[in-house]
Number of protein chains: 2
Amino acid sequence: MDSKYFTIYNEIVSKIENGKLESSTKLPSENELMEIYNVSRDTIRKALTLLERNGYIQKIKGKGSFVLDIHKFDFSVSGLTSFKELSERMDAKSNTILAELEVIKADDYLMKQLDLSKDEDVWKVIRVREIEGKRIILDKDFLNKKFVSLLTREICENSIYEYLENDLGLKISFAKKEITVQQITEEDKKYLDLEGHTMIVVVKNYTYLEDASLFQYTESRHRPDKFRFVDFARRKH
Amino acid sequence: MDSKYFTIYNEIVSKIENGKLESSTKLPSENELMEIYNVSRDTIRKALTLLERNGYIQKIKGKGSFVLDIHKFDFSVSGLTSFKELSERMDAKSNTILAELEVIKADDYLMKQLDLSKDEDVWKVIRVREIEGKRIILDKDFLNKKFVSLLTREICENSIYEYLENDLGLKISFAKKEITVQQITEEDKKYLDLEGHTMIVVVKNYTYLEDASLFQYTESRHRPDKFRFVDFARRKH
DNA sequence: AAGTGGTCTAGACCACTAT
DNA sequence: TAGTGGTCTAGACCACTTC
């Protein structure tokens with residue numbers, strides 16, 4: 001069972017995403033929400049704080065809470081969103097090709113990226129993402145085998161993310177992401193339709209579990225003309 | 001006066017950044033912190049929640065709160081960080097050249113970006129960022145004149161951001177950022193040392209005040225080989 | 001069984017915005 | 001002056017980890 005405040009948060013999120021609550025609408029006051037949902041003020045405030053943090057509303061002292069319209073056109077690589085979710089949201093014709101799937105021993109580079117000791121086993125998954133018939137994105141995933149004992153073709157062709165969360169019950173807590181632009185490699189040429197581009201956008205992603213253990217390193221290589229990243233950032237307090 | 005929880009947050013942040021609290025150290029429990037700082041549990045929890053949200057610690061149920069080492073090598077364009085803060089942090093030799101400073105009437109493009117009506121006044125500031133003698137970044141700032149009546153050469157050569165916050169008392173609340181890669185323009189050629197590069201990383205930034213009014217649009221154009229963006233993202237609950 | 005963080009409640013006072 | 005969100009307190013119960 002989800003917590004009360006998370007249930008309330010989700011109800012309001014879906015009202016905003018459905019358009020039942022339009023942007024710049026004023027939400028009921030905290031006191032009114034207490035009565036509506038029959039909970040304490042603290043519970044309401046937890047829900048509103050979440051909404052604010054995730055860019056759905058803005059609270060203004062003395063005035064109230066107002067719906068923002070930031071989330072309108074967000075095809076983003078942001079947060080922890082996976083490719084599958086992205087392509088569903090933008091409903092372009094997309095397709096995943098599994099290029100490589102094997103267990104390897106960690107080399108020096110991976111030992112550094114995944115914080116491993118020598119010769120530990122690592123899943124290596126290479127997938128090519130096709131959008132409207134063009135091979136646009138190259139995803140290289142490396143997963144610590146300690147956490148994931150089995151990985152099949154089916155899983156990789158669907159969503160590894162969903163498998164980890166739903167079937168294995170792994171709880172992803174946070175991720176660190178780095179975006180740079182680099183010269184293309186032979187591997188990029190082999191797998192992607194570069195159409196003359198000589199540079200590639202590299203998104204490195206380090207994924208951590210709830211106990212702060214680093215278990216996945218992903219390198220997502222995007223053709224520059226098709227790359228877009230959207231981010232919502234609040235001040236740090 | 002800052003709030004209690006924010007003071008406690010800042011104390012712990014500086015201990016982590018000074019290295020007085022090393023990574024994977026366990027913080028005192030919430031009960032102990034209550035006694036140390038002589039506050040209620042809720043106040044401690046607010047401080048810890050902030051620390052967790054900003055990537056300094058990880059809380060683990062039943063175990064405790066642990067210091068993360070995510071912030072080690074972060075030369076990033078992340079959050080609301082300004083160029084001045086960035087260059088100070090990375091202490092490379094950097095320099096700002098003010099190329100243009102004027103008041104213009106909003107054209108169609110700006111009306112859209114800044115949510116203005118026709119013919120409203122807008123500050124246009126173009127600055128070139130030099131790093132180690134090379135002109136690497138082109139910053140184009142557009143500020144709604146309604147909020148900023150005066151802007152001088154000195155201010156632009158230092159930090160507009162500091163001027164807005166400290167002198168004008170404008171409170172920046174959140175920002176939306178978009179990163180794409182585009183073909184260079186004549187303007188890029190004119191102002192930057194492109195060294196053969198034909199593409200440029202474009203960071204569009206929409207900055208909002210505490211009352212959710214959009215007051216600044218910034219386009220930051222980075223030479224691709226010198227661009228790096230680092231982001232820390234927690235799950236959305 | 002003892003200690004930890006997670007949720008929820010009820011009540012108080014404050015600073016800001018509207019009127 | 002009334003209503004709003006922001007901070008702080010004190011106490012309760014829960015689920016999880018460790019012993």
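Just so we're on the same page: letters track the sequence lines, and every chain starts at 1.
- Rounded to whole Å, the distance from CE on Met34(B) to P on dT9(D) is 9 Å.
- Residue Tyr5(A) places at least one side-chain N or O under 4.0 Å from the OP1 or OP2 atom of dT7(C).
- The separation between Asp2(B) atom CG and dA15(C) atom P is 15 Å, rounded to whole Å.
- Residue contacts for Ile60(A): at a heavy-atom cut-off of 4.0 Å it reaches the sugar-phosphate backbone alone, with no base atom in range.
- The side chain of Lys61(A) lies closest to dC16(C) when the candidates are dC16(C), dC8(D), dG5(C).
- Distance, Leu50(B) CG to dC8(D) P: 12 Å, rounded to whole Å.
- Regarding Asn31(A), its CG atom lies at a distance of 15 Å from the P atom of dA2(D), rounded to whole Å.
- Between Ser65(B) and dT4(C) there is no side-chain N or O to OP1 or OP2 distance below 4.0 Å.
- With respect to the salt-bridge test (charged N to carboxylate O, under 4.0 angstrom), the residues Lys145(B) and Glu120(B) do not qualify.
- For the OP1/OP2 pair of dC8(D) and a distance below 4.0 Å, the side-chain nitrogens and oxygens of Ser40(B) include no atom meeting the criterion.
- The CD-P distance, from Glu30(B) to dT9(D), rounds to 14 Å in whole Å.
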Between Val201(A) and Phe229(A), does a side-chain contact (heavy atoms from CB on, under 4.5 Å) hold up when you go through it step by step? CA-CA 11 Å; Val201(A) 180; Phe229(A) 175 86; over 6 Å; no
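- Nucleotides of DNA chain C nearest to Ser29(B) and Gly62(A) differ in position, and the one nearer the 5' end is that of Ser29(B).
- In this structure, Lys46(B) does not reach the dC8(D) phosphate: none of its side-chain N or O atoms is under 4.0 Å from OP1 or OP2.
- If you take CZ of Phe6(A) and P of dC14(D), they are 23 Å apart, rounded to a whole angstrom.
- Put simply, CG on Asp42(A) is 13 Å from P on dG6(D), counting in whole angstrom units.
- One finds no side-chain N or O of Arg41(B) lying less than 4.0 angstrom from the OP1 or OP2 phosphate oxygen of dA10(D).
- Taking atom CG of Leu27(B) as the reference point, atom P of dG5(C) lies 9 Å away to the nearest angstrom.
- Residue Ser3(B) places its side chain closer to dC8(D) than to any other of dC8(D), dT9(C), dG6(D).
- With no hydrogens or angles considered, a side-chain donor-acceptor pair links Tyr56(A) and Glu17(A) at under 3.5 Å.
- Nearest nucleotide to the Thr43(A) side chain, out of dT4(D), dC8(C), dG5(C): dC8(C).
- An OP1 or OP2 oxygen of dT4(C) is reached within less than 4.0 angstrom by no side-chain nitrogen or oxygen of Lys26(B).
- Checked against salt bridge (Lys or Arg N to Asp or Glu O under 4.0 Å), Glu35(B) has no partners two or more places apart in sequence or in another chain.
- Between the side chains of Ser213(A) and Asp211(A), at least one donor-acceptor pair of N or O atoms lies under 3.5 Å.
- Within the structure, every side-chain polar atom (N or O) of Lys59(B) is placed at least 4.0 Å from both OP1 and OP2 of dT4(C).
- For Lys63(B) and dG5(C), the shortest distance from a side-chain N or O to OP1 or OP2 is not below 4.0 Å.
- Using modelled atom types, no side-chain atom of Glu210(A) and backbone atom of Ile60(B) make a donor-acceptor pair closer than 3.5 Å.
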